[in-house]
Amino acid sequence: MTELKANRRLVLGDVVSITLSAALAVLLTVTGSAQKQLLPAILPFAALACVCGLVIFPLAGFYRRDTRSTSLRDIVVLLKGALLASVSIAILSRLNQVTSSVPIPVVVVQFYLAVPALGALRVIARGRELTRQSRQLKEGNTKIPVLLVGTGASCDLFLRSLRNTGSRYQPVGIIDDARNAQGLYFHDVQIIGSLRDPENVLERLSQWNVLPQRLLLTEPITHFDSEGIQKLTVWASGHGVTVSRLNGLEDLGAQDLGDGQNMRTVDPDDILDRPQKAVERSLLFEVFRGRRILVTGAGGSIGSELTRQIASFNPAEIVIIDNCEFNAYSIDMDLSQHFPNVPRRMYVASIVDADRVNSIFRQHRPELVFNAAALKHVPIVELNPCEGVLTNVVGSRNVADAAREVGALAMVQISTDKAVNTTNVMGATKRVAEFYVQAQDRITNETEERTRFFSVRFGNVLGSSGSLIPLFQRQITNGGPITITDPKMERYFMTIREAVQLTLVSAASGLKFDTSQGEIFVLDMGSPVKIVDLAERMIRLAGLTPHKDIKINFIGMRPGEKLFEELFDKSESRADCGIPGVSAARPEGVPIARLRAMILKLELAARRQNGPLVNQLLRDLVPGYGTKSSYTVETAKAAAGSIARVGAMDLPMKLPVPASAVLRPASAPEVLSAG
């Protein structure tokens with residue numbers, strides 16, 4: 001009764017189908033005068049078929065399975081049930097005087113009519129469910145494009161599961177491990193090539209406008225052609241495509257080792273609670289192909305991904321600058337492996353050295369410049385304000401001035417949401433860099449020079465060096481605890497690949513603007529995420545229980561930190577720039593003459609390691625900075641005295657310094673944590 005109630009619509013359809021098939025079988029099988037003689041028996045015969053269907057179909061197991069899971073295996077059950085019903089009809093019709101005149105061939109025809117009708121009802125029910133699921137997934141727009149490798153049993157089960165669940169993955173193609181299958185479809189997904197012909201596959205992938213975000217191996221890597229899978233994974237690494245292994249049936253019985261050895265590496269895609277933004281590559285090819293491009297900080301997390309993605313668009317030359325020898329070596333080796341045909345030149349240099357920067361720019365005369373070099377860790381820059389100013393302010397000025405001197409098409413400054421309504425030195429220095437880039441772009445509009453200047457602002461980048469994922473992963477592996485500054489702390493997050501792609505799109509689109517007032521392109525990062533929620537999600541992904549297996553300790557906010565980050569400053573107006581996933585912020589700006597004078601003062605104070613004066617100058621230049629700090633009065637008075645003594649001696653003009661000036665932290669925690 002439970003089965004009949006749950007599938008009442010299907011039961012009604014089956015009864016109608018077998019009843020009509022019985023009546024129609026009499027009309028189709030018997031003709032002429034014999035048909036007229038059987039007319040009185042049609043209704044009783046149809047009624048008999050109806051009763052047989054009502055009794056036998058449930059006993060045969062027609063309604064034990066949900067129609068949403070209907071598959072080819074149900075055909076066997078359907079054939080057995082329909083055959084048993086037809087045999088029952090034949091026997092019972094012989095025992096009834098009214099229906100005994102119906103010939104046996106009628107029952108045979110009735111069977112052949114009933115089976116397609118019963119099957120059609122299940123196909124319709126299944127089709128309606130698939131349509132409903134497809135509509136829901138399209139409305140949600142949460143699918144991650146994946147490229148599958150292999151067409152074995154795991155791939156078959158994976159594609160079937162996508163039809164029955166609200167999976168966030170959308171297969172965009174399959175790479176088979178056999179030849180001569182290109183162009184065919186496995187389920188509803190096209191096979192784009194074979195691992196035994198990797199060059200053809202890579203050539204086809206290079207022409208795709210939107211690349212997949214993940215390469216999904218459906219079998220162990222040893223099952224594939226070694227040369228083909230190696231070339232494919234190298235391509236994925238060079239284009240920022242994550243490579244994952246689809247768990248097979250043999251993995252279900254794997255036992256946890258209990259000591260963290262079985263804990264899988266957490267991918268940023270797993271903990272980013274929203275789909276990544278996808279960009280079209282056609283515009284990027286148009287802008288970057290055949291250009292000379294220079295990237296500062298090219299060995300860092302953002303800079304290295306920026307360099308790799310630019311290299312994929314076949315530039316004429318890539319010039320990479322990094323202050324760290326190992327980082328420069330790493331990105332140079334990376335490019336030589338993944339993009340050996342792209343000309344490149346590597347320099348170990350600091351953007352703080354203006355002469356060195358100008359020499360490199362004059363030698364290579366880059367057309368597009370990306371300034372990703374920066375000191376970015378809030379607590380560290382808070383304790384080293386002079387170095388923060390030299391790199392983030394003076395260095396950015398040197399790069400911008402050099403780009404204008406050689407007539408570059410554009411200079412793109414990588415900024416951060418910590419520059420918005422900032423309370424820390426790092427954010428203040430990045431805000432000054434935004435001011436300078438904006439002022440330079442306004443100069444371009446007022447003169448006949450062609451160099452454009454843009455800033456791109458985004459929040460925390462998952463997976464970057466010193467970011468949350470490596471820190472939390474290490475703490476989880478060590479058994480905890482995870483250290484978080486405050487349970488209410490929220491941040492905006494995006495993956496490295498997503499941030500870089502939208503940065504490139506912003507730069508490419510910004511070049512097409514006829515006029516500009518130094519807009520800051522702000523990347524759409526969805527809603528802010530609580531740090532504690534992120535930590536709990538990583539613990540669960542590791543197969544553990546938050547607050548039980550892994551403790552979470554709250555250690556308090558550090559100097560300069562805020563509970564909530566913002567994307568737009570209170571002095572900025574927000575506008576639509578016509579770029580999907582990107583908005584434009586238009587700040588009021590600072591006159592270039594005042595900026596140059598203040599940056600010169602900042603540079604002199606920073607080179608003399610006068611931290612208190614650096615803090616005071618930043619407060620004078622950045623609106624709102626330093627108004628809500630929590631430093632002690634004793635420290636403030638000492639710093640004010642230091643400024644009074646040094647100011648007249650170090651700089652040509654004296655700066656008014658109030659007695660209550662807030663300059664440096666009284667103390668700083670020894671342990672640095674996430675937040």
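Proximity of D355 to V357: side-chain heavy atoms (C-beta onward) are nowhere separated by under 4.5 Å. Contact annotation: the side chain of L215 approaches that of L232 to within less than 4.5 Å [non-hydrogen atoms, C-beta and beyond]. Residues V432 and I599 meet the side-chain proximity criterion, which asks for heavy atoms closer than 4.5 Å. Annotation: side chain of F339 is in contact with side chain of S312 (closest heavy-atom distance under 4.5 Å). Residues R291 and L409 form a side-chain contact, since some pair of their non-hydrogen atoms from C-beta on lies under 4.5 Å apart. A heavy-atom distance below 4.5 Å is not found between the side chains of Y329 and V348. Counting only heavy atoms from C-beta outward, the side chains of I175 and L148 never approach each other to under 4.5 Å. In this structure, the side chains of E603 and V389 stay at 4.5 Å or more apart for every pair of heavy atoms.
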After noting the C-alpha distance and the side-chain angles of V437 and V412, does the key distance pass the side chain to side chain contact (heavy atoms under 4.5 Å, CB included) rule? CA-CA 8 Å; V437 168; V412 180; over 6 Å; no
What's the verdict on side chain to side chain contact (heavy atoms under 4.5 Å, CB included) for K418 and V378, showing C-alpha distance, side-chain angles and the deciding distance? CA-CA 9 Å; K418 292 174 177 58; V378 170; 3.4 Å; yes
Could you go through the side chain to side chain contact (heavy atoms under 4.5 Å, CB included) check for I443 and I592 one step at a time? CA-CA 9 Å; I443 290 176; I592 187 65; 3.9 Å; yes
Quick one: do I310 and L504 satisfy side chain to side chain contact (heavy atoms under 4.5 Å, CB included)? Show the steps, please. CA-CA 8 Å; I310 290 173; L504 295 175; 3.8 Å; yes
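Residues passing the salt bridge (charged side-chain N to carboxylate O under 4.0 Å, His left out) test with R594: none are found, sequence neighbours excluded. D334 meets the side-chain hydrogen bond (donor to acceptor under 3.5 Å, both in side chains) test with R308, H338; sequence neighbours excluded. By the side-chain hydrogen bond (donor to acceptor under 3.5 Å, both in side chains) test, E317 pairs with H364, sequence neighbours left out. For T307, there are no side-chain hydrogen bond (donor to acceptor under 3.5 Å, both in side chains) partners two or more places apart in sequence or in a different chain. With sequence neighbours left out, V381 forms a side chain to side chain contact (heavy atoms under 4.5 Å, CB included) with L375, V425, M426.
Remark: R345 is positioned above the aromatic ring of Y347, its terminal NZ or CZ atom under 6.0 angstrom from the ring centre and at most 45 degrees off the axis.
T391 places no side-chain N or O within donor-acceptor distance of the main-chain N or O of G388, the cut-off being under 3.5 Å. Remark: the backbone N or O of G300 is not paired with any side-chain donor or acceptor of N327 at under 3.5 angstrom. In this structure, T429 contributes its side chain and N392 its backbone to no donor-acceptor pair below 3.5 Å. For N398 (side chain) and I351 (main-chain N/O), a donor-acceptor pair under 3.5 Å exists by modelled atom type. The backbone N or O of V393 lies less than 3.5 Å from no partner atom in the side chain of S396, so there is not a single donor-acceptor pair. Counting only distance, with no hydrogens or angles, the side chain of N358 and the backbone of A354 share a donor-acceptor pair below 3.5 Å. Under the 3.5 Å distance criterion, the side-chain polar atoms of R365 are left unmatched by any main-chain donor or acceptor of F361. Checking side-chain atoms of S336 against main-chain N and O of M333 turns up a donor-acceptor pair under 3.5 Å. Judged purely by atom type and a 3.5 angstrom limit, R344 has no side-chain atom pairing as donor or acceptor with the backbone of I320. Of the possible donor and acceptor atoms, none in the side chain of K430 sits under 3.5 Å from a partner among the backbone N and O of K376.
A donor atom on one side chain and an acceptor atom on the other are not found under 3.5 Å apart for N424 and E382. Neither side chain, Q438 nor E434, offers a donor N or O lying under 3.5 Å from an acceptor on the other.
Rounding to the nearest 0.5 Å gives a distance of 6.0 Å between CG of L595 and CG of L621. Atom CG of L600 is separated from atom CZ of R596 by 11.5 Å, given to the nearest 0.5 angstrom. From F454, atom CZ reaches atom CD1 of I414 across 12.5 Å, with rounding to the nearest 0.5 Å. Atoms OG1 and CG, on T451 and D441 in that order, are 10.0 Å from each other to the nearest 0.5 Å. Atom CZ of residue F435 and atom CD of residue Q413 lie 13.0 Å apart, to the nearest 0.5 angstrom. Between R397 atom CZ and L390 atom CG the span is 10.0 Å, to the nearest 0.5 Å.
Nearest heavy-atom pair, S350 versus N323, reported as atom, atom and distance to 0.1 Å: CB-OD1, 3.5 Å. Closest approach of L617 to A605, counting heavy atoms only: CD1-CB, 4.3 Å. Considering every non-hydrogen atom in both V369 and A408, the closest pair reads CG2-CB, 4.3 Å. The two residues G297 and A373 make their nearest non-hydrogen contact at N-CB, 3.7 Å. Of all heavy-atom pairs spanning G303 and A372, the tightest one is CA-CB, 4.1 Å. Scanning both residues, G427 and T422, for their nearest heavy atoms gives CA-OG1, 3.3 Å.
Residue pairs meeting the side chain to side chain donor-acceptor pair (under 3.5 Å) criterion with at least one partner in residues 401-412, sequence neighbours excluded, are R362-E405, D401-Y436, D401-Q440, R404-Q440, R404-T444, R404-E449.
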